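Encoded as structure tokens, the structure appears first; notes follow it.
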Amino acid sequence: MSCFGGRVSQDLYQNCCNANVLCEFNGDLSNVVSEPVFVQKVYDAVLFNLQGMKTVQNQSFTPRIPQGHRVKRVIDIRCRRSFNPNNVEDPANLKLDVDTSISGATFLRNGAGEEITVVGADGNFSEKLLFADTSDCDDKCMGTPVFGTQNISITGNVIIEIDLLLCDSCNNESVFTICTDVNIATREHPLVLTNFFEICMPSAIDTAFLPRFTEFCNSACEARLATNNHGRDLCIGTDGSVSGNLIIAICVTCEKKIVVPVQLCVLSTGFAQAAVQQNAICTTFPTLFPNQIKPCDTVENCGESCHESEESCECDDRCSERCEPCDPCGEGSGRGRRPQPRR
């Protein structure tokens, strides 16, 4: 499979790629049609930015600085989350454990006392069902407020990289990178961030689907020298070993949503179609999605609109692009043949 969507890259050694454009529109508004879609509507949402701090002292870095070099200045400091793709349960992975409690409503539970979760937009069981007596606010055509407390437990490690500008005895400069793995917190003693929120939920009485509560968070990290001075914060040993004092900030963004299933009418220019990767063996391939069935596509409607005359056989404007020519010889019933599926 080409990483460049069937297009040959001008740079064969390029390590990044362009995605395929799945939807195209030629600007003809006659191709725009209305389609019903069954989706989840966001009724209300709240967004938070939180920050946690971690200070480390005498943190060891690797590798060692080459003999005969000195640190002239710090060029850059980078921080990234630790993640092991071969083991998502690795305790070194930076992890956010979100615990949310609410008042003014309740999460539905089963007979065993476990909270009921349903499939969310991410494909996981990440949404909880909410229930509250919303009749008072329903009578006012308004939503019911729900109050919540959020505790985020942060555990795992981050990776710090520092670019140093080194000078040798001849004042020749070179860039040298050192790195270290810093533990932010353990499962036994996590770094906890707490905040409070208010969110609005719709009626839980006059609805076929109960409102759903979902939340998701993302984290990033930033690091700096403790006093922003490499002479004070970095200690260079006689053997070239490096240790330093750092301040690490864990930046967390969280969003809480109340979602409800709805059916919407949207304007569409057609179904998305990915570019086909050619195969030299197969000549035909099955379709992945069925064609849309419209009244104009049925045999009855399309057959009645197709009629035969002595001069020509014409189709009604409603389906002129979908009907096959009527019987040119005048034999048979004079009705059009069944339209072929659109490709």
Side-chain angles (χ1 to χ4, degrees), residues 1-10 16-45 119-123 141 202 207-209 212 214 255 257-343:
M1 178 178 178
S2 172
C3 188
F4 304 98
R7 299 178 299 278
V8 177
S9 171
Q10 296 181 0
C16 301
C17 61
N18 295 321
N20 288 320
V21 178
L22 299 181
C23 297
E24 296 181 357
F25 180 52
N26 58 6
D28 187 359
L29 294 179
S30 63
N31 294 330
V32 178
V33 297
S34 61
E35 297 281 1
V37 291
F38 187 57
V39 296
Q40 296 189 98
K41 173 186 179 297
V42 178
Y43 185 81
D44 194 19
V119 177
D122 57 353
C141 298
T207 176
F209 305 97
R212 304 176 180 188
T214 185
E255 189 170 49
K257 291 180 182 291
I258 298 290
V259 297
V260 289
V262 295
Q263 182 168 273
L264 299 178
C265 290
V266 299
L267 295 180
S268 170
T269 58
F271 297 111
Q273 181 66 46
V276 177
Q277 302 294 323
Q278 297 296 330
N279 190 297
I281 300 176
C282 298
T283 57
T284 59
F285 295 88
T287 59
L288 296 177
F289 304 98
N291 292 323
Q292 176 69 29
I293 299 176
K294 300 180 180 179
C296 186
D297 293 331
T298 60
V299 176
E300 292 78 8
N301 291 338
C302 194
E304 291 175 357
S305 63
C306 292
H307 59 276
E308 181 182 347
S309 64
E310 296 181 357
E311 295 82 6
S312 62
C313 177
E314 298 177 352
C315 288
D316 187 89
D317 292 339
R318 293 178 302 165
C319 52
S320 59
E321 297 180 356
R322 302 179 181 88
C323 295
E324 288 190 352
C326 300
D327 187 358
C329 300
E331 298 177 357
S333 62
R335 299 169 63 92
R337 290 183 293 174
R338 182 183 180 88
Q340 297 300 312
R342 293 172 290 170
R343 297 295 183 185

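Predicted, not measured: the structure shown is a model, and the values here were computed from it.
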Practice prompt. Would you indicate whether the side-chain heavy atoms of N31 and N26 approach each other to under 4.5 Å?
Written response: yes

Fill in: side-chain hydrogen bond (donor to acceptor under 3.5 Å, both in side chains) contacts in which one or both residues fall within residues 259-271, not counting sequence neighbours
none

Worksheet, complete the sentence: To the nearest 0.5 Å, atom CZ of R212 lies from atom CD1 of I258 at 12.0 Å

Residue pair [X] / [Y]: nearest heavy atoms and the distance that separates them:
X    : Y    : value
E255 : A45  : OE2-CB, 4.2 Å
A121 : Q40  : N-NE2, 3.7 Å
P202 : V260 : CG-CG1, 3.7 Å

Worksheet entry | Test side chain to side chain contact (heavy atoms under 4.5 Å, CB included) applied to F209 and V262, step by step | CA-CA 9 Å; F209 305 97; V262 295; over 6 Å; no

